[in-house]
Amino acid sequence: MTSIKTADKFIAALGVEAYRVGGSVRDELLGKHPKDADYMVRGVSLATLSNLLPRDRIAVSKLTLRDGQHVGYRVGKPFDIEIVLPRKEISTGPGHGDFKIISDPDITLAEDAQRRDFTFNALYKPVGILYDLGGLVAVAGLHDPVIVDPTGRGLHDLERKLIHTTHPDSFRDDPLRILRALRFVAQGFDLSTDTHLELAEHRNAATGLTGGGNASGTVLTEMSRILMGEYAVKALRLMRDSGVMAILFPELAPMLGFDQSSRYHDLTTDEHTFKALETAVKVDAPLRVRWALLFHDCGKPQVAWKGKDGRKHYYAQPGFDGPWNVDHEVASERYWRYAAERMNADKALREDVATLIRHHMVTWKKRGVVQRVHRMRIQFGDALTKDLLLHRMCDLTGKGSGVDHKHLEQLGEMEYMRVEAQRTRVPATVKDLAIDGEDLKLLGIYGRDIGLVLRAVLDEVACDPSEMKRGRIWQVNRAEALR
Ligand code: CTP
């Protein structure tokens, strides 16, 4: 969008009582760059507002609620902003779903603020003329802009980074707010005591987020923001302790508090997971690595079996059959796929995370490390190889004690080899070879055999990428020999 300043000027020029409200005001006060802007105008009907919008210069479309109720306009190019009338909810019966949303030009700011989630998201920045606020006082904000704070604590809460709902039923009214609150925790906010209690009281509302469809897309967005936050693990622990995690992700429920009774692990699976994620935050790991870490061991309770040594094991039990007699990484991948499907995760994220989980056991090996790196690059591509090594590094550091330093060191060496392989352009796909299918046809190799031979040559070149082997002559000869 164009700058917020230009958008503010555009709204001010409409000559009506107008406010910028929500995330853009919050972010601006926090010194962050707002990503979009929402406006609220009072005192004019939707028809008048529509007439005021200069449609010859801007792209206007109707803004409706899920039930089809018309509440405002979206101005696309060149702004990408939303303009709505004030709204309030009125009760129509005893049930929590018994309410009606009223959109009306005369609704006050105080009433409009009550329909918003948190006090610091209910701050209104007057745009243009400052109107009679019906008893509300516009106060100077954190830095200097004039801000209207109808709940009387939004600015205070923002300054202290404290999460307060605007009313005790905020989470019940819209369960996505539970995740929004946890997202703010992940970004350095704290829950106020009241809000903590409200979260505990309304945690079951999170079941409303587990269906398919659009709502699930937003779960993915909010969860991704939680995972990417500086305080991601604090938010995840809160999510677990409040019971929300088990509701939202039944796939993770069995691992919460699960005692691994293994000689490799002294932490419960969830605490190990969180510790690994702590490292991921420290090293600024990408989103797909963090999603994979969250799920990488969740299949352990399902596949666990006790050996003669009295300890639990997490690989398929030899001599037994059954759909869940699989290695834990296979079970974890399965669980991730269930959750990804429910959240409508896009294909790239779904598949990349699945690969990271499925192949996360990059074990320590005495020999053949160089070949291993090259084969990983061939199998997964360079970017995923990098993330597999990173994932494993986070995984290994997620122990209470007994971190395997030798293993970590080897992962470091593997990453060094990967970087070198990338820098020196060691072939990682058949397209990187000096020969192609046409060359093979000249040698009398056809059909499926073309792929097989090319891959065999690639493997040999990648594992020993000398000048000679990278050359066309050697590759043609080798292909002929493999024919
Ligand atoms: N809002 C709400 N409950 C929700 C979503 C939004 O009360 N589940 C309100 C909040 O006041 C929010 C405003 O609607 O500030 C605008 O919503 P949106 O643009 O989704 O959020 P922002 O807070 O503006 O931005 P972000 O989600 O990026 O923080």
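- A salt bridge (Lys or Arg N to Asp or Glu O under 4.0 Å) check over residues 276-285, counting only residues at least two apart or in different chains, returns the pairs Arg237-Glu278, Asp284-Arg290.
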Q: Show the numbers, then the answer: is there a side chain to side chain donor-acceptor pair (under 3.5 Å) between Thr221 and Ser224?
A: CA-CA 5 Å; Thr221 307; Ser224 297; over 6 Å; no
Q) For Asp266 and Ser401, what are the C-alpha separation, side-chain angles and deciding distance, and is it a side chain to side chain donor-acceptor pair (under 3.5 Å)? A) CA-CA 7 Å; Asp266 52 1; Ser401 60; 2.6 Å; yes
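- Between the His407 side chain and the Val362 main chain, a donor and an acceptor come within less than 3.5 Å of each other.
- Between Arg20 and Asp8, at least one side-chain nitrogen of the basic residue sits less than 4.0 Å from a carboxylate oxygen of the acidic one, meeting the salt-bridge criterion.
- Lys275 NZ: more than 12 foreign heavy atoms inside a 6.0 Å radius.
- Using bins of under 30°, 30° to 60° and over 60° for the plane-to-plane angle, the ring pair His313/Trp305 lands in the tilted bin.
- Ring pair His296/His272: centre-to-centre distance below 6.0 Å.
- Residues Asp270 and Arg240 share a closest heavy-atom pair of OD2-NH1, 3.0 Å.
- Annotation for Leu199 and Leu191: closest pair CD2-CD1, 3.8 Å, computed over non-hydrogen atoms.
- Using modelled atom types and a 3.5 Å distance limit, the side chains of Gln260 and Lys312 yield no donor-acceptor pair.
- You'll find the side chain of Met393 reaches within 4.5 Å of the side chain of Leu408, heavy atoms only.
- Counting non-hydrogen atoms of neighbouring residues, nucleotides and ligands closer than 6.0 angstrom, the CD atom of Gln379 exceeds 12 such neighbours.
- Ring pair Tyr314/Phe258 is perpendicular by interplanar angle, where above 60° counts as perpendicular and below 30° as parallel.
- From Glu420, atom CD reaches atom CD of Glu415 across 11.0 Å, with rounding to the nearest 0.5 Å.
- Atoms OH and CG, from Tyr124 and Asp149 in turn, are 10.0 Å apart once rounded to the nearest 0.5 Å.
- Within the 3.5 Å criterion, the main-chain N or O of Gly22 finds no donor-acceptor partner in the side chain of Arg116.
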Q.
Show, in sequence, the C-alpha distance, side-chain angles and deciding distance for Asp173 and His167, and conclude whether the side chain to side chain donor-acceptor pair (under 3.5 Å) test is met.
A. CA-CA 10 Å; Asp173 291 350; His167 61 283; 2.9 Å; yes
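- A salt bridge does not link Glu89 to Arg115: none of the charged side-chain nitrogens sits closer than 4.0 Å to a carboxylate oxygen.
- Looking at Arg172, its side chain never comes within 3.5 Å of a backbone N or O of Glu201 through a donor-acceptor pair.
- Between the side chain of Arg180 and the backbone N or O of Asp117, no donor-acceptor pair lies under 3.5 Å.
- Within a 6.0 Å sphere centred on OH of Tyr338, heavy atoms belonging to other residues, nucleotides or ligands number more than 12.
- In summary, Asp112 and Lys88 do not engage in a salt bridge, as defined by a charged side-chain N under 4.0 Å from a carboxylate O.
- Residue pairs meeting the salt bridge (Lys or Arg N to Asp or Glu O under 4.0 Å) criterion with at least one member in residues 325-338, sequence neighbours excluded, are Glu333-Arg337, Glu333-Arg358, Arg337-Glu351.
- For the residue pair His70 and Leu46, the shortest heavy atom distance occurs at O-CD1, 3.4 Å.
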Q.
Under the criterion side chain to side chain donor-acceptor pair (under 3.5 Å), I'd like the reasoning laid out for Asp259 against Thr268: C-alpha separation, chi angles, the key distance, then a yes or no.
A. CA-CA 5 Å; Asp259 174 4; Thr268 55; over 6 Å; no
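- Here the CG atom belonging to Leu236 is positioned 6.0 Å from the CG atom belonging to Leu227, to the nearest 0.5 angstrom.
- Across Ala206 and Val244, no two heavy atoms sit closer than the pair CB-CG1, 4.2 Å.
- Looking only at side-chain heavy atoms (C-beta outward), Glu111 and Arg87 stay at 4.5 Å or farther from each other.
- With sequence neighbours excluded, no residue satisfies side chain to side chain donor-acceptor pair (under 3.5 Å) with Ser242.
- A 4.5 Å side-chain heavy-atom check between Phe79 and Thr6 finds at least one atom pair inside the cut-off.
- Annotation: His164 is not in aromatic contact with Phe118 [ring centroid separation under 6.0 Å not met].
- Under the 6.0 Å distance and 45° angle rule, Lys5 does not count as a cation-pi partner of Phe10.
- Counting only distance, with no hydrogens or angles, the side chain of Asp382 and the backbone of Arg377 share no donor-acceptor pair below 3.5 Å.
- The minimum heavy-atom distance between Val185 and Tyr231, with the atom names listed, is O-CB, 3.6 Å.
- A distance-only check finds a donor-acceptor pair linking the side chain of Asn325 to the backbone of Gln317 [under 3.5 Å].
- Checked by atom type and distance alone, the side chain of Lys365 never pairs as donor or acceptor with a backbone atom of Arg372 at under 3.5 Å.
- One N or O on the side chain of Thr385 and one on the backbone of Met376 form a donor-acceptor pair closer than 3.5 Å.
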Q.
With salt bridge (charged side-chain N to carboxylate O under 4.0 Å, His left out) as the criterion, how do Asp190 and Lys234 come out once you've worked through the C-alpha distance, each side chain's angles and the decisive distance to 0.1 Å?
A. CA-CA 10 Å; Asp190 280 309; Lys234 182 178 168 191; 2.5 Å; yes
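- By the 4.5 Å heavy-atom criterion applied to side chains, Phe189 and Leu162 are not counted as neighbours.
- Lys399 is not listed as a side-chain neighbour of Leu267, based on a closest heavy-atom distance of 4.5 Å or more.
- Remark: Asp352 does not engage Lys347 in a salt bridge, criterion side-chain N to carboxylate O under 4.0 Å.
- Contact of the Pro126 side chain with the Val148 side chain is registered, since non-hydrogen atoms from C-beta on lie closer than 4.5 Å.
- Separating the CD1 atom in Ile81 from the CD1 atom in Ile11 is a distance of 4.0 Å, to the nearest 0.5 Å.
- Contact check for Asp80 versus Val75: no side-chain heavy atoms found under the 4.5 Å cut-off.
- Counting heavy atoms of neighbouring residues, nucleotides and ligands inside a 6.0 Å radius, atom NE2 of His196 does not exceed 12 of them.
- The shortest non-hydrogen separation linking Thr195 to Thr165 is OG1-N, 3.4 Å.
- The pair Glu222-Arg225 counts as a salt bridge, with a side-chain nitrogen and a carboxylate oxygen less than 4.0 angstrom apart.
- When side chains are defined from C-beta on, Met223 counts as touching Leu294, because their heavy atoms get closer than 4.5 Å.
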Q: Walk me through it: do His328 and Tyr315 pass the test ring pair (Phe, Tyr, Trp, His ring centres under 6.0 Å)?
A: CA-CA 6 Å; His328 80 274; Tyr315 48 88; 9.4 Å; no
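- Heavy atoms of other residues, nucleotides or ligands lying less than 6.0 angstrom from CG of Asp67 number more than 12.
- To the nearest 0.5 Å, atom CG of residue Leu158 and atom CZ of residue Phe184 are 9.5 Å apart.
- Side-chain atoms of Gln69 come within 3.5 Å of backbone N or O of Ile101 as a donor-acceptor pair.
- In this structure, Arg177 contributes its side chain and Ser170 its backbone to a donor-acceptor pair below 3.5 Å.
- Between Trp324 and Tyr335, the ring planes are parallel. Angles under 30° get that label, and only those over 60° would be called perpendicular.
- The line from CD1 of Ile107 to CG of Asp104 is 5.0 Å long, rounded to the nearest 0.5 Å.
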